[in-house]
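A quick write-up on the structure given underneath.
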Number of protein chains: 2
Amino acid sequence: MKNTATRDKLIDSGAQLISQQGYNATGINAVLKTCGVPKGSFYHYFSSKEDFGLAVIERFASSYDKTLVALLEDNDTPPLERLKRYFAAGRDHMHECNHATGCLIGNLGQELSGQSDTFRDALNLVFQRWEQRFVRCLQDAQARGDIAPHTAPEALASFILTGWEGAILRAKTLKSVEPMEQFEKILFQQVLVPSS
Amino acid sequence: MKNTATRDKLIDSGAQLISQQGYNATGINAVLKTCGVPKGSFYHYFSSKEDFGLAVIERFASSYDKTLVALLEDNDTPPLERLKRYFAAGRDHMHECNHATGCLIGNLGQELSGQSDTFRDALNLVFQRWEQRFVRCLQDAQARGDIAPHTAPEALASFILTGWEGAILRAKTLKSVEPMEQFEKILFQQVLVPSS
DNA sequence: CTTAAAGTAGACCAGTCAGTCTATTGCTTT
DNA sequence: AAAGCAATAGACTGACTGGTCTACTTTAAG
């Protein structure tokens, strides 16, 4: 397994199609067609569709983690400002995909976590890593006194991730980023404040 | 179309299976098998699978709306207490379904709103009706001075629905209601408060 | 008693699904 | 040059998909 170009093409096409249509609605043949790879190659690199799906998740997560680090651990920017940039990036992405795609991990979490424990575990791990990035950013904010110290950063991180994923879902059905803006506004007005 | 018993059986089985597995993963034959109805009857009552799916949504929404009214418009109970009961009911349901089902409308919103505008519109309408129920409850709370008057109830309702749907999603992938509890806790500690 | 419609019943259709199989190509190592 | 493996290539399989079709039974109306 030296040549990874074909494997990469498969994963890229798969990520795109699965983002748009979901896992179950995306057939292997459709993936092959969009990237012009024969079926023999697919089953050379992946043992099954599930194996392929997990690879798509893994790739997306590790790629997304890089942008997350760049946004949330940029020490030249105040922590709350970093969070705002993260939210703005999410809104931009929502516009770019015409409010259709949203968050791949969130989509698959909704679709597959009741269907397969393997997928559920993989997706859960990604969520937990994201939460950890938030925790660190919130710790910085507490250290600077930008937000009150009385709520654990872990609790806040869970609250933020949870609310943001919900806002993405709502934005998809509404075809508007308004719920995302609404969430952010109240979050910074009432939750991420110096003191209560 | 006088005899609705068969139609009802189909919708009930469909709702159950779609809740568990999603729309795309639920075949018509599987629905027929679980309620022992032949295919001829199915296409007698529904013109297509999409038609059937919309009927399932409609039925679920109108049935769920009744429990929503009972919880959120119970004038013998303080408005914030009504909300707490609503959240508690959601957590109970999550336990009952072994953290696998969650919210049918949320599931379908995630799975189908990028796939079909018909479904998206139908689901969006349901969400908006729910939001309206929250708005009324929050108005009551503001009138009593239980929460600050400076934030529009519509904005708060959107925030709550959004966050709750996200918490359900997170609870599914985590197989624990902890994110739901976390969301509720911070919501009542920081957002739904008399004054800021 | 007749007749039409509502509803039941399931065999059947073309198309698609994930996955298998065999054959062939291209590269690398000896 | 020969052997051996990685990778390409796509025809093919059985199971299953949503949907159609015809035949039959029940119910209600005139």
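Protein chains get the first letters and strands the later ones, always in sequence-line order, with residue 1 at the start of each. Remember, it's a predicted structure, so these values are computed and weren't measured experimentally.
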Phe159(A) six-ring centre to Lys185(B) NZ/CZ under 6.0 Å and within 45° of normal
no
Distance in angstrom units between His44(A) NE2 and dA7(D) P, rounded
4 Å
Separation of dG18(D) atom P from Asp51(B) atom CG, nearest Å, is 14 Å
May I ask you to say what Thr26(A) touches in the nucleic acid, namely base, sugar-phosphate or nothing, with a heavy-atom cut-off under 4.0 Å?
sugar-phosphate
Value in whole Å for how far the P atom of dT20(C) lies from CZ of Phe46(A)
15 Å
Should Glu131(B) and Arg170(A) count as an ion pair when the cut-off is N to O under 4.0 Å?
yes
Which class fits the ring pair Phe134(A) and Tyr86(A): parallel under 30°, tilted 30 to 60°, perpendicular over 60°?
perpendicular
Indicate whether OP1 or OP2 belonging to dT8(C) is found under 4.0 Å from a side-chain N or O atom of Tyr45(B).
yes
Should Met180(A) and Leu169(A) be counted in the same cluster of Ile, Leu, Val, Met, Phe, Trp and Tyr side chains packed under 4.5 Å apart?
no
Atom OH of Tyr43(A) to atom P of dC17(C): distance rounded to whole Å?
11 Å
Of all of residues 27-42 of chain B, which get a heavy atom below 4.0 angstrom from DNA chain D, listed by number?
Gly27(B), Ile28(B), Asn29(B), Lys39(B)
Provide, to the nearest angstrom, the distance between the OH atom belonging to Tyr23(B) and the C1' atom belonging to dT17(D).
12 Å
Thinking salt bridges, do Glu73(A) and Arg82(A) make one under a 4.0 Å N-O criterion?
no
Please report, rounded to the nearest Å, how far the C1' atom of dT16(C) is from the NZ atom of Lys49(A).
12 Å
Which whole-number value in Å describes the distance from Arg7(B) CZ to dA6(C) P?
15 Å
Is there a donor-acceptor contact under 3.5 Å from the side chain of Glu178(A) to the main chain of Ala171(A)?
no
Can you tell me how far C1' of dG19(D) sits from CD of Glu50(B), to the nearest Å?
14 Å
Taking 4.0 Å as the cut-off, does a side-chain nitrogen or oxygen of Thr6(A) come that near to OP1 or OP2 on dT8(D)?
yes
Would Lys49(A) and Tyr23(A) count as a cation-pi pair here, with the cationic atom under 6.0 angstrom from the ring centre and within 45° of the axis?
yes
